[in-house]
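The structure under discussion appears below in the form of structure tokens.
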Amino acid sequence: MRTADLTGLPTGIPEALHDEGIEELYPPQAEAVEAGLTDGESLVAAVPTASGKTLVAELAMLSSVARGVPEPRSDGSGELPSGSTGGKALYIVPLRALASEKKAEFERWEEYGIDVGVSTGNYESSGEWLSSRDIIVATSEKVDSLVRNNAAWLEQLTCVVSDEVHLVDDRHRGPTLEVTLAKLRRLNPDLQVVALSATVGNAGEVADWLDAELVHSDWRPIDLKMGVHYGNAISFDDGSQREVPVGRGERQAPALVADALDGDDDDDQGSSLVFVNSRRNAESAARRMADVTEQYITGDERGELAQLAAEIRDVSDTETSEDLAKAVAKGAAFHHAGLASEHRTLVEDAFRDRLIKCICATPTLAAGVNTPSRRVIIRDWQRYDGDYGGMKPLDVLEVHQMMGRAGRPGLDPYGEAVLLANDADTRDELFERYIWAEAEDVRSKLAAEPALRTHLLATVASGFAHTREGLLEFLDQTLYATQTDDPERLGRVTDRVLDYLEVNGFIEFEGERIQATPVGHTVSRLYLDPMSAAEIIDGLEWGAKHRSEKLRALAGETPEKPKQRTDADADDAPGGFQRASEMVSTGDGGGSDDGADDSGSGDGADNGTDDEFETDQTYPTPLGLYHLVCRTPDMYQLYLKSGDRETYTELCYEREPEFLGRVPTEYEDVAFEDWLSALKTAKLLEDWVGEVDEDRITERYGVGPGDIRGKVDTAEWLLGAAERLASELDLDSVYAVREAKKRVEYGVREELLNLAGVRGVGRKRARRLFEAGVETRSDLREADKSRILAALRGRRKTAENILEAAGRKDPSMDDIDESDAPEDAVPDDSGFETAKERADQQASLGDFE
DNA sequence: TTTAAGTCCCTATAGACAGCATGTC
DNA sequence: CTATAGGGACTTAAA
């Protein structure tokens with residue numbers, strides 16, 4: 001089918017497609033159009049990655065927008081209806097990163113009158129603004145949240161596209177997608193649903209659920225050769241072989257990477273994507289691959305790579321960042337969730353630009369933004385799984401997704417996906433298990449209690465159902481209902497969940513009728529797991545009840561303090577817990593650890609947390625609040641590594657009065673373990689708000705810079721929710737919660753809160769200003785300009801922006817000389833650095849001891 | 001003597017959505 | 001209840 005023959009699209013679109021070089025539809029796309037895609041027909045397209053799914057979505061959305069709400073145009077003229085009579089399309093993505101990718105893609109239709117908007121947790125276009133958009137891109141959670149908050153424009157939707165719909169199989173996030181689709185269809189029964197799926201076993205079942213036509217195809221625009229490397233050759237699925245000798249002592253993966261770079265017969269340099277099963281493996285593999293790729297980079301590339309490496313170092317001053325930069329300088333990289341998102345983007349972009357020749361990645365990359373590669377090497381096909389209790393083979397679907405990354409459009413004649421085997425038996429098994437195998441069926445995970453807890457409350461709160469029967473009737477529209485062979489099960493779980501929700505005061509019964517309580521409504525709108533909300537409420541109320549007793553306990557600890565502070569000015573570890581961890585793992589150099597943060601001020605009066613107990617008697621304490629939100633199911637906790645158990649057990653006893661709730665006894669094994677991992681996570685947050693350096697935090701907790709951001713974001717969100725709950729329940733901890741939240745938001749100690757709220761001032765600048773004697777917002781307005789300029793290291797423009805943001809009348813820094821600043825205003829930079837060096841040196845000395 | 005290869009033991013284990021109100025160094 | 005790769009420390013074999 002030719003694009004020129006397409007009907008029902010807005011004026012100019014077929015021509016535009018033609019100009020883009022799309023003259024002929026791919027077979028699956030043509031099939032979709034024949035199935036009625038552009039006439040508003042619902043459709044499930046189960047096709048491989050990179051086989052033109054996006055165009056299928058675009059055709060559906062554009063034609064739906066053109067067709068409009070009232071009546072389908074029969075003339076097929078495609079004249080775009082003016083203004084609000086046009087249809088409205090929603091594109092649901094599984095990841096935030098994909099939302100911006102898709103938005104950028106769809107924006108090329110703007111010149112044809114199609115407005116595109118995005119809505120994710122990060123990047124929110126206000127609800128009103130969205131209602132004027134023709135195409136809206138959002139994550140499934142955001143859509144769910146919009147439904148809960150009754151976003152008016154949802155009712156105007158004429159078309160919904162669900163990308164990667166096979167993710168309804170996901171234990172954690174699948175139910176949200178499933179329920180959201182069911183709700184959208186219920187809001188608008190005529191809704192066109194276009195579901196894009198990987199090739200899965202039961203695509204037909206998914207189509208039945210959505211009352212949709214099915215297009216199922218293995219066709220792909222670039223051929224994919226799948227094979228297994230064993231010995232000195234790859235055996236491909238088409239029967240062909242490729243010699244790739246592996247020298248003695250050499251490993252398979254580097255040999256394959258080198259082989260791809262050697263190319264076939266031209267000077268074509270093939271990039272490789274190596275999938276491994278852990279972050280550490282990704283990093284060490286990248287280190288090895290860098291020695292391979294280094295031999296293939298040209299002089300020009302060397303310079304560009306050096307620059308890229310510098311950009312990477314700029315993102316974050318951590319070991320991860322440094323290791324990545326080192327690999328990148330040689331043309332290789334690693335990629336995993338511990339990276340800062342800027343890191344990821346830099347690596348992905350450079351790989352697409354063919355600057356980076358090889359990425360060693362955890363499975364993140366397979367699900368993320370589009371990063372095609374000449375060769376995909378799946379080094380590890382098993383992964384540790386705690387629930388399973390050992391190494392578990394990857395799902396076929398997952399492996400297929402990875403393999404689908406092979407083949408760069410326009411660059412490669414075909415893509416190659418290679419699994420690695422050490423022996424003939426494994427080779428045969430890999431062929432059986434992954435290459436010849438069809439992907440697993442998609443199975444709904446909706447009947448799991450945690451999923452229903454959230455969604456039943458939301459369903460009641462947003463008025464989709466008012467009785468148990470109503471709920472079951474609603475649930476009957478989900479994929480789960482079409483799949484289950486035990487129809488009773490849903491009813492049983494529903495009853496248990498309703499019971500839970502009632503006991504915790506989120507819903508109440510009036511005879512048959514179920515209603516959400518005011519708190520229940522809030523919880524639903526805040527997008528909290530009801531269990532998290534219950535934990536938070538319990539914790540805050542428990543704290544209110546035990547307040548005076550705990551305050552006394554906290555005060556009772558003071559006698560020991562002065563002594564500890566003199567021999568160790570560790571700002572963040574009241575008590576000697578850090579000492580225990582030194583010996584076990586971190587090798588941190590004694591008390592001068594973090595000395596860098598203190599050295600500037602000298603007077604020690606800013607030693608946040610512990611002083612509070614003595615002077616302000618703040619309760620609940622920040623640590624108590626962080627621990628509270630860290631133990632909710634909405635927070636992903638840090639692992640306890642070896643040695644951590646004793647470290648945090650000790651800390652747990654020291655900080656016992658701060659916890660908001662009863663500490664489980666050590667005999668309650670699982671509960672105690674959870675309590676400790678929550679404590680570890682809370683401690684990370686306490687370090688963060690204690691202004692501990694990023695690299696020190698990553699070192700101490702064994703996390704990457706991206707993990708810190710993630711924990712901080714989540715904590716901020718949960719503390720925001722806690723604040724709302726506290727104010728709604730009229731608890732006087734609201735203020736403490738708000739402050740703890742603000743400190744997490746800015747990553748600063750209490751005394752910097754006032755400064756850090758100013759636009760342009762973050763944790764670092766705030767500290768510099770404070771040390772220079774500029775301690776508050778009003779100081780910014782009144783203090784001597786030379787003093788401020790000196791504190792900001794002479795950055796005039798920055799200083800002006802900051803002063804303006806602080807509301808100073810005359811922010812101009814012209815004619816101001818930083819050297820005019822009084823002696824005490826100049827940040828003691830050398831001291832700053834030497835203190836840090838000293839700390840680092842001692843840390844490395846510690847490693848030898 | 002130097003270097004490569006082999007062995008033993010220990011350790012650690014993927015990912016990332018959401019409220020609200022505005023902006024890091 | 002389930003496994004395995006990597007790295008360091010060390011030993012052994014070859015040059």
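Every chain is numbered from 1, with letters handed out A, B, ... down the list of sequences.
- Side-chain atoms of A/Arg344 lie closest to B/dA16 of the nucleotides B/dA16, C/dG7, B/dA14.
- Residue A/Gly706 is classed as having no contact, given no heavy-atom separation below 4.0 Å to the nucleic acid.
- Residue A/Asn281 has its side chain nearest to C/dG6 when only B/dC17, B/dA16, C/dG6 are considered.
- In this structure, A/Lys392 reaches neither bases nor backbone, as no heavy-atom distance under 4.0 Å exists between it and the strands shown.
- A donor-acceptor pair under 3.5 Å links the side-chain atoms of A/Asp423 to the main chain of A/Thr426, judged by distance alone.
- With hydrogens and angles ignored, no donor-acceptor pair closer than 3.5 Å exists between the side chain of A/Arg279 and the base of B/dA14.
- Each of A/Met391 and A/Pro94 lies near DNA chain B, and the nucleotide nearest A/Met391 is the one positioned closer to the 5' end.
- Residue A/Arg171 is out of contact with every strand shown, counting any heavy-atom pair closer than 4.0 Å.
- Here the nucleotide nearest the side chain of A/Ala337, chosen from B/dG23, C/dT4, B/dG15, is B/dG15.
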Checking A/Tyr91 against A/Asp163 for the side-chain hydrogen bond (donor to acceptor under 3.5 Å, both in side chains) test, could you report, in this order, the C-alpha distance in whole Å, the side-chain angles of both residues, the deciding distance, and whether it holds? CA-CA 7 Å; A/Tyr91 191 99; A/Asp163 197 3; 3.0 Å; yes
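- Counting non-hydrogen atoms under 4.0 angstrom, A/Val758 reaches the backbone sugars and phosphates but no base.
- If you take atom C1' in C/dA5 and the same atom in B/dA14, they sit 16 Å apart, rounded to whole Å.
- Among the atoms of the strands shown, none is found under 4.0 Å from any heavy atom of A/Lys711.
- For B/dA14, there is no paired nucleotide, since no Watson-Crick or G-U wobble pair has both relevant distances below 3.5 Å.
- A/Arg808 places a side-chain N or O within donor-acceptor distance of the main-chain N or O of A/Leu780, the cut-off being under 3.5 Å.
- Using a 4.0 Å heavy-atom cutoff across all strands shown, A/Arg765 reaches at least one base atom of the nucleic acid.
- Here A/His172 lies out of heavy-atom contact (under 4.0 Å) with every strand.
- Side-chain contact check for A/Ser532 versus A/Glu535: every heavy-atom pair is 4.5 Å or farther apart.
- Here the nucleotide nearest the side chain of A/Arg379, chosen from C/dG6, B/dA16, B/dG23, is C/dG6.
- For A/Arg383, the side-chain atoms get nearest to B/dA14 when compared with the rest of B/dA14, B/dA18, B/dC20.
- The residue A/Leu95 sits close only to the backbone: its heavy atoms come under 4.0 Å of sugar-phosphate atoms, none of a base.
- Not one side-chain nitrogen or oxygen of A/Tyr639 sits closer than 4.0 Å to the OP1 or OP2 atom of B/dT11.
- The listed nucleotides are B/dA14, B/dG19, C/dT4; the one nearest the side chain of A/Pro363 is B/dA14.
- Within the 4.0 angstrom heavy-atom criterion, no nucleotide atom of any strand lies near A/Arg795.
- The side chain of A/Thr362 lies closest to B/dG15 when the candidates are B/dG15, C/dG6, B/dT24.
- A/Gly710 comes within 4.0 angstrom of no nucleic acid atom, judged by non-hydrogen atoms across all strands.
- Across all strands shown, A/Asn277 has heavy atoms under 4.0 Å from sugar-phosphate atoms exclusively, and none from any base.
- Atoms OH (A/Tyr384) and C1' (C/dC1) sit 12 Å apart, rounded to a whole Å.
- Within the 3.5 Å criterion, the main-chain N or O of A/Gly690 finds a donor-acceptor partner in the side chain of A/Arg749.
- Pair assignment for B/dG23: none, as no Watson-Crick or G-U wobble contacts are both less than 3.5 Å.
- Checking B/dA18, C/dG6, B/dG15 against the side-chain heavy atoms of A/Tyr527 singles out B/dA18 as nearest.
- Distances shown here put a side-chain N or O of A/Thr139 below 4.0 Å from the OP1 or OP2 atom of B/dA18.
- Side chain of A/Arg288, nearest nucleotide from B/dT13, B/dA18, C/dG6: C/dG6.
- Backbone-only contact: A/Val761 has heavy atoms under 4.0 Å from sugar-phosphate atoms and none from a base.
- The residue A/Thr714 sits close to a base: some heavy atom pair falls under 4.0 Å.
- Side-chain proximity of A/Arg280 to the nucleotides B/dC17, C/dG6, B/dA14 is greatest for C/dG6.
- Because its NZ or CZ atom is not both nearer than 6.0 Å to the ring centre of A/Tyr735 and within 45° of the ring axis, A/Arg738 does not count as a cation-pi partner of that residue.
- Taking 4.0 Å as the cut-off between side-chain N and carboxylate O, A/Lys764 and A/Asp693 do not count as a salt-bridged pair.
- Residue A/Arg709 is classed as having no contact, given no heavy-atom separation below 4.0 Å to the nucleic acid.
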